[in-house]
Amino acid sequence: MPGKRIAVIGAGISGLGAIKICLEEGLEPICFEGSNDIGGLWRYEEKTESGRPTVYKSTICNTSKEMTAYSDYPFPDHFPNYLHNSKIIEYLQMYAKHFHLLKHIQFLVCSVRKRSDFSCTGQWDVVVQTEGKQESYVFDGIMVCSGLYTDPLLPLQDFPGITSFKGQCIHSWEYKSPEKFQGKKIVVIGIGNSGVDVASELSHMAAQVFLSTRRGAWIWNRVWDYGMPIDTVLFTRFNAILNKVYPTFLINSLIEKKLNARFNHDTYGLLPQHSHQATFSDDLPNHIITGRVMIKPNVRKFTKTSAIFEDGTEEDVDVVVFATGYTFSFPFLENNSTVLDSQCSMFKFVFPPQLEKPTLAFIGILQPVGAIMPVSELQSRWAARVFKGLNKLPSVSGMMADIEKKRKKFAKEYRNNSRDTRRVQYVDYMDEIASEIGVKPNLFSFFLWDPKLALEIFFGPCTPYQYRLQGPGKWAGARRTILTQRERIIKPLKTRTLTLVQPLNSVTLKIYPLSKYQVSKQYY
């Protein structure tokens with residue numbers, strides 16, 4: 001008996017994972033991708049195209065490879081821990097080839113509508129258009145994997161005088177490389193990851209870069225204590241428990257002390273108004289201390305040739321870069337409140353609660369504090385089982401109650417900042433979805449029967465492979481992959497073999513004094 005037909009919209013990291021999961025569950029996926037290749041956001045293109053996500057040429061992933069991988073397909077051990085966008089694409093191509101995904105992808109534009117008998121069948125009409133011709137397909141389920149970064153947010157109304165500004169105005173979505181900004185004076189508005197990355201890179205070419213921020217931010221480093229990737233150290237089950245046990249103010253205080261030990265955020269003009277605001281940058285403090293980047297408050301208004309900031313200072317500028325984030329939309333989906341309401345309400349950020357049949361799932365339409373790839377893959381595993389009828393959703397009232405509970409929590413934590421309403425904590429959310437399908441690791445059982453593995457699961461990084469140890473989709477290679485994950489972290493770092501037999505220390509120097517030449521010869 002043929003499996004249900006599932007339409008996957010988008011062939012980026014979420015879409016590729018969704019195709020693979022559908023095949024794993026015996027479903028029949030067809031993926032519709034509007035561009036001419038896979039990779040979505042991570043595929044670098046020299047030219048931007050409306051409605052398409054993009055990265056700039058130097059983009060590096062902010063999550064490390066072991067935390068970012070699909071749950072049954074680790075990155076090659078020689079890949080660096082933090083990956084350039086070209087390496088992400090290489091990995092996605094390997095993944096697609098290994099699981100034979102490409103034959104299920106059509107590079108077409110589509111629209112999606114409920115069928116007239118949807119209340120009975122839960123089916124959808126998908127219309128695709130290519131070379132001027134339209135074709136219609138019927139599907140039993142839809143997985144929307146189009147991502148969050150398609151529509152740049154350009155709040156020009158918040159900046160008086162911008163329409164009379166004579167210089168160049170762009171959104172960070174349009175930025176590709178710094179060469180054409182040689183010798184310019186540039187103001188970058190926004191202190192998220194993109195804003196800080198763009199400001200840091202531009203500072204190598206520009207005459208001066210001003211980084212304007214309304215709220216400030218805590219600046220985190222990719223490299224944590226002892227040179228380890230930060231997410232492999234912080235995102236552990238042990239730390240997740242500590243976060244629940246200790247009061248929030250104490251955790252925030254410890255984190256702030258740690259971050260200020262690297263550089264004082266108050267002194268550098270970056271201290272945020274609210275402690276949750278976090279940005280990744282390895283370079284920003286260096287550019288500030290050398291004067292290449294100057295931190296400024298919010299822009300009050302623009303003149304024809306300058307920016308006037310809220311502290312009354314005025315700077316001549318040639319270019320304005322708006323790193324002001326994105327909105328998301330689903331133009332291919334029918335505009336129907338029974339499909340998706342004005343607040344884009346989704347049960348656990350996946351299922352619209354008002355649909356008569358649970359045959360529409362949104363995959364990867366959220367912002368985890370951590371890697372998106374394993375999160376979207378786990379969402380796909382849940383959605384596929386709901387489509388098959390193996391998992392049931394709560395009642396509409398039950399789903400809406402859960403949604404409202406989360407909204408109240410976000411309003412309290414993020415001060416009603418609309419950009420944070422889809423933010424989730426990595427370990428907590430992964431466990432929440434894993435519990436829906438019975439794949440959350442049973443630590444008690446592992447401590448009894450496999451204590452070595454249990455210790456790594458509990459104290460080690462909460463890597464995606466943990467969700468392949470048991471239950472539906474169990475992978476035979478999960479245990480070995482978890483127990484060797486530290487080796488894969490270390491391998492790309494050890495590119496120089498050290499041959500020292502005994503480390504040099506002060507005691508050795510006192511007993512066996514060496515000349516300057518002998519020391520340098522022994523160590524270099």
> Indicate whether the side chain of T359 and that of Q123 have a donor and an acceptor atom separated by less than 3.5 Å.
no

> Quickly, which of F79, Y73, W42 forms a ring pair (Phe, Tyr, Trp, His ring centres under 6.0 Å) with Y91? Name it, please.
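Considering F79, Y73, W42, a ring pair (Phe, Tyr, Trp, His ring centres under 6.0 Å) with Y91 is found only for Y73.
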
> Is a side-chain donor-acceptor pair under 3.5 Å present for Y429 with Q379?
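Yes, Y429 and Q379 have a side-chain donor paired with an acceptor closer than 3.5 Å.
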
> Under 3.5 Å, is there a donor on one side chain and an acceptor on the other for T63 and D231?
no

> Distance check, rounded to the nearest 0.5 Å: E179 atom CD versus L202 atom CG?
10.0 Å

> Any chance the side chains of T484 and R488 put a donor and an acceptor closer than 3.5 Å?
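Yes.
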
> Do S397 and S395 have a side chain donor and acceptor closer than 3.5 Å?
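The criterion, which ignores hydrogens and geometry beyond distance, is satisfied for S395 and S397.
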
> So, is the end of the K20 side chain (NZ or CZ) under 6.0 Å from the ring centre of F99 and within 45° of the ring's axis?
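The answer is yes, since K20 meets both limits relative to F99.
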
> Do K176 and T48 have side-chain N/O donor and acceptor atoms under 3.5 Å apart?
no

> Would you kindly say whether S64 and N81 are connected by a side-chain donor-acceptor distance under 3.5 Å?
no

> Ignoring hydrogens and angles, state whether a donor on the side chain of E201 or Y56 is under 3.5 Å from an acceptor on the partner side chain.
no

> Hey, are E135 and Q129 close enough side-chain-wise for a donor-acceptor pair under 3.5 Å?
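No, E135 and Q129 have no side-chain donor paired with an acceptor closer than 3.5 Å.
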
> Do the side chains of Y149 and L41 get nearer than 4.5 Å, heavy atoms only?
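Of all side-chain heavy-atom pairs linking Y149 with L41, at least one is under 4.5 Å.
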
> Between S345 and Q343, is there a side-chain donor-acceptor contact under 3.5 Å, judged purely by atom types and distance?
no

> Answer with yes or no whether the side chains of R43 and S35 bring together a donor and an acceptor at under 3.5 Å.
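Yes - a donor-acceptor pair under 3.5 Å links their side chains.
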
> Is there a side-chain contact between K114 and V339, using heavy atoms and a 4.5 Å cut-off?
yes

> With sequence neighbours excluded, give me every ring-ring contact (aromatic ring centres under 6.0 Å, His included) pair touching residues 453-493.
F238-F458, F238-F459

> As a test of understanding, state which of N193, I230, T279 forms a side chain to side chain contact (heavy atoms under 4.5 Å, CB included) with N62.
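Single pass found, and it is N193.
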
